[in-house]
Each structure stands twice: as C-alpha cells, then as structure tokens.
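A short write-up of the structure that comes next.
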Amino acid sequence: LGPLTSRFSESAIIKTCLLAMSFGFLALTPAALQPTHIPWVAVGLVLSVFGHTMAVVLTSQSTTRVGPDEKGTLLGVEHGIFSGVRIGAPAVGVALFKAGGAVAVS
C-alpha cells in the first residue's frame, strides 16, 4: 500500500474502496436473482481486495491520530470491532435472506 498512500491521500483511498465495493455488490444483485456464469470467485476476490485495502488504510489513518501510548489500545479495539463484524455479518445476511430473499441481501 506504500505506493498508493504516497500518491493518493488516505481519505481518497477509503472513498475509492467504498465506491468500488458499492458498485461490486450492486453488480451482484442481478446475478443473485438470475444465476448466470459470472465467475463468483473472481468477483468475491475483487471485493475482498478493496475491503482489506480499506481496513488497512483505516487502521493507518486512525493510529496517526492518537499518541504512542494509546496505539495498542486503539488497535485492540479496532481489530475487535473488525472481528465482531466478521462474526456477526453472516448471521445478519442469513436473516435478511430468509426474510426477503436475494433482493434483501443485496
């Protein structure tokens, strides 16, 4: 990520990742309604790359805003939140899918 952050601001990278992920998930909506031959692994990989890039840049951005004695606490809380979201998101997705089908998930 070094070359990216030296060329673009962290805020621009975060906004780009959010925008790309939004378009990626929107692109999956029609595919979820009518199964096609879309390479699901490739789409998931691209979304994952943008998601992880955004997480790394968010961590970098947040650690520069606290003092050296608070960085460990911040990283612990931040990664705890990231883990909680990764644990809870599948349950929320399944509940949405059961409630409204593929349209509710996307």
Side-chain angles (χ1 to χ4, degrees):
L1 288 177
L4 273 179
T5 55
S6 63
R7 186 168 180 184
F8 304 105
S9 71
E10 289 180 338
S11 324
I13 295 171
I14 291 169
K15 289 175 187 173
T16 302
C17 288
L18 283 172
L19 187 66
M21 289 176 66
S22 298
F23 282 125
F25 284 117
L26 283 174
L28 289 176
T29 302
L33 297 175
Q34 295 179 355
T36 60
H37 298 321
I38 292 178
W40 295 103
V41 174
V43 173
L45 179 65
V46 170
L47 289 170
S48 179
V49 166
F50 280 107
H52 288 292
T53 301
M54 185 176 65
V56 170
V57 174
L58 281 171
T59 299
S60 169
Q61 192 175 45
S62 62
T63 55
T64 60
R65 296 180 181 202
V66 297
D69 56 335
E70 297 173 325
K71 288 186 193 279
T73 303
L74 173 72
L75 288 172
V77 169
E78 189 174 84
H79 288 277
I81 292 169
F82 287 163
S83 295
V85 168
R86 287 186 183 113
I87 291 168
V92 171
V94 168
L96 285 172
F97 190 73
K98 283 182 180 179
V103 176
V105 177
S106 53

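Everything quoted here is computed from the prediction, not taken from an experiment. All values below come from the heavy atoms of this structure, side chains included, with hydrogens, waters and symmetry mates left out.
Through chains of ILVMFWY side-chain contacts below 4.5 Å, L74 is grouped with V66. As a member of the Ile/Leu/Val/Met/Phe/Trp/Tyr network built from side-chain separations under 4.5 Å, F23 groups with L19.
Listed by first and then second residue, the side chain to side chain donor-acceptor pair (under 3.5 Å) pairs that reach into residues 63-76 come to none, sequence neighbours excluded. Legend: ring pair (Phe, Tyr, Trp, His ring centres under 6.0 Å) pairs involving residues 56-77, not counting sequence neighbours: none detected.
In this structure the side chain of L58 reaches within 4.5 angstrom of the side chain of Q61, judged on heavy atoms.
Under a hydrophobic-cluster definition in which Ile, Leu, Val, Met, Phe, Trp and Tyr are linked whenever side-chain heavy atoms come within less than 4.5 Å, directly or via other members, L75 and M54 are assigned to different clusters. Hydrophobic clustering (ILVMFWY, side-chain heavy atoms < 4.5 Å, transitive): L18 and V57 are in one cluster.
With sequence neighbours left out, T59 forms a side-chain hydrogen bond (donor to acceptor under 3.5 Å, both in side chains) with E78. Partners of S60 under the side-chain hydrogen bond (donor to acceptor under 3.5 Å, both in side chains) rule, at least two apart in sequence or in another chain, are E10.
The main-chain N or O of P3 is found under 3.5 Å from a side-chain atom of S6 such that the two form a donor-acceptor pair.
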